[in-house]
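Scope of the values below: all heavy atoms of this structure, side chains included, with no hydrogens, waters or symmetry mates. Atoms within a ligand are numbered from 1 in the order they appear, just like the ligands themselves. Along the sequence shown, the residues carry numbers beginning at 1. This is a predicted model, so every value here is computed, not measured.
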Amino acid sequence: MSADPIPPLKTDSPRWSDQLVSAVRRLDDLLDRLGLEPADFDSAGLPLLYNPEFPVFVPESFLDRMEPGNPHDPLLLQVLPLGAETKEVPGFLLDPLEEEAARAVPGLLHKYQGRVLMIAARSCAVNCRYCFRRNYPYQQEPSCLADWEPALDYIRSDNSIHEVILSGGDPLMLTDVRLRELHDLLSEIPHLTRLRIHTRLPIVLPSRVNAELLSLLASSRFSVVVVVHANHPREIIGDCAVGLSRLKQAGLSLLNQSVLLKGINDNIDALVELSERLVQEGVLPYYLHQLDRVKGVSHFEVLPQRGRELIRELRSRLPGYAVPRYVQERPGESAKTVIEFTEEWE
Ligand SMILES: *Cc1c(COP(=O)(O)O)cnc(C)c1O
Ligand code: SF4
């Protein structure tokens with residue numbers, strides 16, 4: 001057991017909502033903060049994209065973990081708009097996962113047995129350039145509590161559903177009050193036993209792990225699983241590590257999912273260290289996702305053959321529980337497909 005005490009929650013630390021307001025939203029500001037010039041990216045072979053439709057959006061806390069002066073910084077590359085995004089590449093589509101077809105009612109995806117995924121919030125605390133839902137029609141999804149009724153009715157009327165996954169966008173973008181309202185409505189549905197929260201906020205905006213959130217989740221009647229999303233070991237430091245420890249201390253199960261990303265975590269040392277840091281904070285590596293072939297993300301793709309090599313190497317260097325399952329989402333399948341051992345591409 002780690003003997004390091006977890007620092008108490010500071011009441012004078014900036015509120016997460018204020019930190020969202022002060023997040024960096026302009027490419028020039030992002031570069032300024034890191035002491036970089038556009039020319040640095042040209043010479044690094046990474047020409048920038050100005051005024052993308054999907055804007056720059058990075059909270060200070062995440063920015064603070066980037067290395068100044070490094071155009072290849074693995075955290076920076078996750079949020080940096082590049083000219084490569086505008087390249088038309090065959091096979092990279094607007095909705096490769098056919099989520100539109102799985103949309104049972106507004107705000108609810110029912111693809112897999114026993115569990116449904118609720119688009120609980122329409123925004124995130126960061127814009128990840130490789131996002132699989134970067135083209136998702138969020139405007140069509142619920143935005144106020146009354147709008148949840150069709151989704152709640154759908155869950156109420158199907159008692160084969162035991163687990164609700166709050167996703168988004170990012171469900172922790174809901175205020176504490178909103179989240180509690182939604183939680184309480186769900187907890188009145190007798191056949192639900194588990195609540196899962198898929199969120200990147202504990203990683204990119206650790207102040208979101210506040211006392212209200214911890215008390216809501218710790219007192220829930222559900223067994224609560226929080227699935228965070230970190231891709232590189234340098235994300236799991238400082239405030240972020242403290243926030244994860246607090247979630248762990250509140251008695252929740254903690255898992256991580258990553259996306260295999262070219263130039264960011266497609267090297268064995270980064271993956272080993274990521275798993276080690278996660279386990280250190282009480283988070284089990286759950287999934288390593290093969291990149292979904294969404295329009296605008298082709299420059300992040302790592303071929304599965306390389307992914308399998310990396311996973312095999314990981315397996316030889318780490319205990320089994322620290323090796324994530326290497327998976328791909330394929331439309332029409334009854335679960336995510338483990339691709340560690342398959343030899344074919346599709
Ligand atoms: C990934 C996903 C889930 C959860 O799948 P698990 O394998 O249980 O983690 C559920 N619904 C949808 C639509 C998903 O994409
Ligand atoms: S946090 Fe997740 S949903 Fe939000 S932009 Fe990043 S990858 Fe997309």
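- Residue E235 is tested with R200, R65, R277 for a salt bridge (charged side-chain N to carboxylate O under 4.0 Å, His left out); the sole match is R200.
- The residues D239 and R208 are annotated as not salt-bridged, no charged nitrogen and carboxylate oxygen being separated by less than 4.0 angstrom.
- With hydrogens and angles disregarded, no donor-acceptor distance shorter than 3.5 Å links the side chain of D266 to the backbone of V302.
- Those atoms of ligand 2 with a heavy atom of R200 less than 4.0 angstrom away are 1 (S).
- Every residue two or more places apart in sequence or in another chain that forms a ring pair (Phe, Tyr, Trp, His ring centres under 6.0 Å) with F300 is listed here: Y130.
- Residue contacts with ligand 2 for R134 are absent, since no atom lies close enough (heavy atoms, distance under 4.0 Å).
- Of all the atoms in ligand 2, the ones that sit under 4.0 Å from a non-hydrogen atom of H229 are 7 (S).
- V126 counts as a contact of ligand 2, since one of its heavy atoms falls under 4.0 Å from the ligand.
- Taking hydrophobic clusters as Ile, Leu, Val, Met, Phe, Trp and Tyr residues chained together by side-chain heavy-atom distances below 4.5 Å, I236 shares a cluster with L205.
- Taking both residues in full, the closest heavy atoms of L27 and P81 are given as CD1-CD, 4.0 Å, listed atom of the first, atom of the second, then distance.
- For C128, every N, O or S atom stays at 2.8 Å or more from atom 8 (Fe) of ligand 2.
- Applying the side-chain hydrogen bond (donor to acceptor under 3.5 Å, both in side chains) rule to E88 yields the partners K295; only residues at least two apart in sequence or on another chain are considered.
- Side-chain atoms of F62 and V79, non-hydrogen and from C-beta on, do get closer than 4.5 Å to each other.
- Residue C124 has at least one heavy-atom neighbour below 4.0 Å for each of these atoms of ligand 2: 1 (S), 3 (S), 4 (Fe), 5 (S).
- Within 4.0 Å of ligand 1, the residues that place a heavy atom are K111, Y112, R115, L117, I165, R196, Y286, Y287, E329, K336, listed by chain and number.
- Sorted by first and then second residue, the ring-ring contact (aromatic ring centres under 6.0 Å, His included) pairs involving residues 165-196 (not counting sequence neighbours) are H183-F222.
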